[in-house]
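First up is the structure itself, then whatever we jot down about it.
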Amino acid sequence: MHTAELALSLLLVVIIVVSLLSNVLVLICFLYNAEIRKQVPGLFILNLTFCNLLLSASSMPLTLFGVLSNAHPGGHIFCQVVGFLDTFLTTNSMLSMAALSIDRWVAVVFPLSYHSRIRHRDAVIALAYTWVHSLSFSVVAACLSWVGYHQLYASCTLCNGRAVNAKTQFAIYTVVQHSLTFLLVSVVLCVTYLKVLKVARFHCKRIDVITMQTLVLLVDIHPSVRQRCLEEQKRRRQRATRKISTFIGTFVICFTPYVITRIVELFVTEPFNQNWGVLCKSLAYSKAACDPFVYSLLRHQYRKTCSDIINRLLKRSSPNGSGMYCIFRV
């Protein structure tokens, strides 16, 4: 095995392990904390978590097997099933991210009317659309035999038809699919999160003005306290920008190389290097490992829930035990 193949194999192993552990932890937090289950975004996060878990348990190990053995993983029917799941789960997870961004946009831009605009019924309708959208593309690909083992990505995924007419149809299908998933979700993420950032900066500016007015009135305030207030203002502005950059940046970095390679592959005759294809596929897989941290585990509510779970396992009393929401409580 070459050094590049060994490095890609290790990368895939890390992605699989991190993705499985982190998504299972998010699922445990969801089941443990009743408050999380009551929130509308919890439905989108639950759907995203299930998609990531299934992807980590189906497509990723077979890609790892394909890289290690450089051979077709399993039989033809089995590979078609996994390819169907790969298309469905990837599309569904992308649309779930778009739904989460719309939910955050409504919560920040329309905070007073959020609960009347976004209800559980609306979330269920949005999830139904993501499933119909994902199933439509997956079923079409399966019915036209456009799923199977793709040598470039060492994966059971979408692959070209053999006949010239089939290749043209497959090219149209691929462009439409990525336009209505990756491109659409990219636009939604950019528009919604940039509007959220604009509102956050506006509120930070108002807080900064009030803080500066207070500092001016407090003429006897110690210089070190004034400096800490100014530093906190700067950190608050940077924190909002960093969060938005993380939401958009992880999506773009993880999926863009794979999608561009998929599109370019349709119109070139020279084959890509397999190491590049596997790397692009691994980057797309890595989004499943990033999502639990980006959308859940780094939030205070999930961190507190994890702490409560650890305290319960270690039979320690939580400092906030009176406010614990637990499905195991009688």
Side-chain angles (χ1 to χ4, degrees), residues 23 26 29-30 33 35-52 90-134 178-209 233 235-256 259 287-288 290-303:
N23 282 286
V26 172
C29 290
F30 183 88
N33 194 318
E35 189 64 27
I36 294 177
R37 297 197 303 275
K38 291 178 182 178
Q39 298 171 355
V40 173
L43 295 178
F44 299 132
I45 291 176
L46 180 63
N47 187 66
L48 180 62
T49 301
F50 270 120
C51 289
N52 290 336
T90 303
T91 304
N92 201 333
S93 63
M94 285 187 184
L95 295 174
S96 297
M97 296 172 211
L100 281 168
S101 70
I102 294 174
D103 176 84
R104 288 299 86 203
W105 170 67
V106 175
V108 173
V109 179
F110 308 102
L112 299 180
S113 60
Y114 169 74
H115 292 291
S116 61
R117 290 172 179 265
I118 303 294
R119 293 166 292 182
H120 277 81
R121 184 186 64 183
D122 302 317
V124 171
I125 293 174
L127 287 179
Y129 170 76
T130 65
W131 277 68
V132 171
H133 183 121
S134 306
H178 289 306
S179 298
L180 294 180
T181 51
F182 172 77
L183 183 59
L184 175 63
V185 173
S186 299
V187 172
V188 171
L189 290 179
C190 291
V191 171
T192 54
Y193 282 131
L194 290 179
K195 286 185 178 294
V196 168
L197 180 60
K198 182 179 179 180
V199 174
R201 284 181 173 177
F202 173 74
H203 288 301
C204 286
K205 187 176 180 180
R206 291 181 60 187
I207 295 173
D208 293 346
V209 171
Q233 290 179 3
R235 283 196 297 269
R236 189 163 47 241
R237 291 192 297 268
Q238 291 176 343
R239 190 160 53 243
T241 304
R242 186 167 58 249
K243 286 183 178 180
I244 299 304
S245 301
T246 301
F247 288 135
I248 300 175
T250 52
F251 181 84
V252 172
I253 292 173
C254 291
F255 285 115
T256 300
V259 173
K287 192 66 172 74
C290 296
D291 287 341
F293 300 98
V294 172
Y295 293 104
S296 305
L297 296 179
L298 295 181
R299 292 174 54 194
H300 171 74
Q301 192 174 32
Y302 281 85
R303 293 203 307 268

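Sequential numbering from 1 along the given sequence is applied to the chain's residues.
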**Heavy atoms of other groups near Phe50 CZ, more than 12 under 6.0 Å** =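 It does not: Phe50 CZ has 12 such atoms or fewer within range.
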**Request:** Could you tell me whether His120 atom NE2 has more than 12 heavy atoms of other residues or ligands within 6.0 Å of it?
**Result:** yes
Please report the shortest heavy-atom distance between [X] and [Y], naming the atom on each side.
X	Y	answer
Leu127	Phe44	CD2-CD2, 3.6 Å
Val196	Arg104	CG2-O, 4.0 Å
Ala123	Val40	CB-CG1, 3.6 Å
Ser179	Leu183	O-CB, 3.4 Å

How far does [atom1] of [X] sit from [atom2] of [Y], to the nearest 0.5 angstrom?
X	Y	atom1	atom2	answer
Thr250	Tyr295	OG1	OH	6.0 Å
Ile244	Cys190	CD1	SG	11.0 Å
Ser101	Ile248	OG	CD1	9.0 Å
Phe30	Leu46	CZ	CG	4.5 Å
Thr90	Leu95	OG1	CG	11.0 Å
Asn33	Lys38	CG	NZ	9.5 Å

**Prompt:** Taking it one step at a time, do Tyr114 and Asp103 satisfy side chain to side chain contact (heavy atoms under 4.5 Å, CB included)?
**Reply:** CA-CA 9 Å; Tyr114 169 74; Asp103 176 84; 2.6 Å; yes
For [X], check ring pair (Phe, Tyr, Trp, His ring centres under 6.0 Å) against everything at least two apart and list the hits.
X	answer
Phe293	none
Phe251	Phe182, Phe255
His178	none
Tyr302	none

**Asked** Who passes salt bridge (Lys or Arg N to Asp or Glu O under 4.0 Å) against Asp291, sequence neighbours left out?
**Response**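 Asp291 satisfies salt bridge (Lys or Arg N to Asp or Glu O under 4.0 Å) with Lys287 once adjacent residues are dropped.
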**Request:** Please name all residues satisfying salt bridge (Lys or Arg N to Asp or Glu O under 4.0 Å) with Arg119, sequence neighbours left out, ordered by chain then number.
**Result:** Asp122
**Request:** Identify which one of Leu189, Asn47, Thr192, Leu48 satisfies the side chain to side chain contact (heavy atoms under 4.5 Å, CB included) criterion when paired with Leu100.
**Result:** Leu48
**Message:** Between Asn23 and Ala288 (side chain of the first, backbone of the second, donor and acceptor by atom type, cut-off under 3.5 Å), is there such a pair?
**Reply:**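 Here the side-chain-to-backbone pair exists.
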**Test side chain to side chain contact (heavy atoms under 4.5 Å, CB included) applied to Ile45 and Arg299, step by step** = CA-CA 13 Å; Ile45 291 176; Arg299 292 174 54 194; 4.1 Å; yes
**Request:** Would you check if His133 and Thr181 make a side-chain contact, meaning some heavy-atom pair closer than 4.5 Å?
**Result:**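 In short, these two side chains touch, coming nearer than 4.5 Å.
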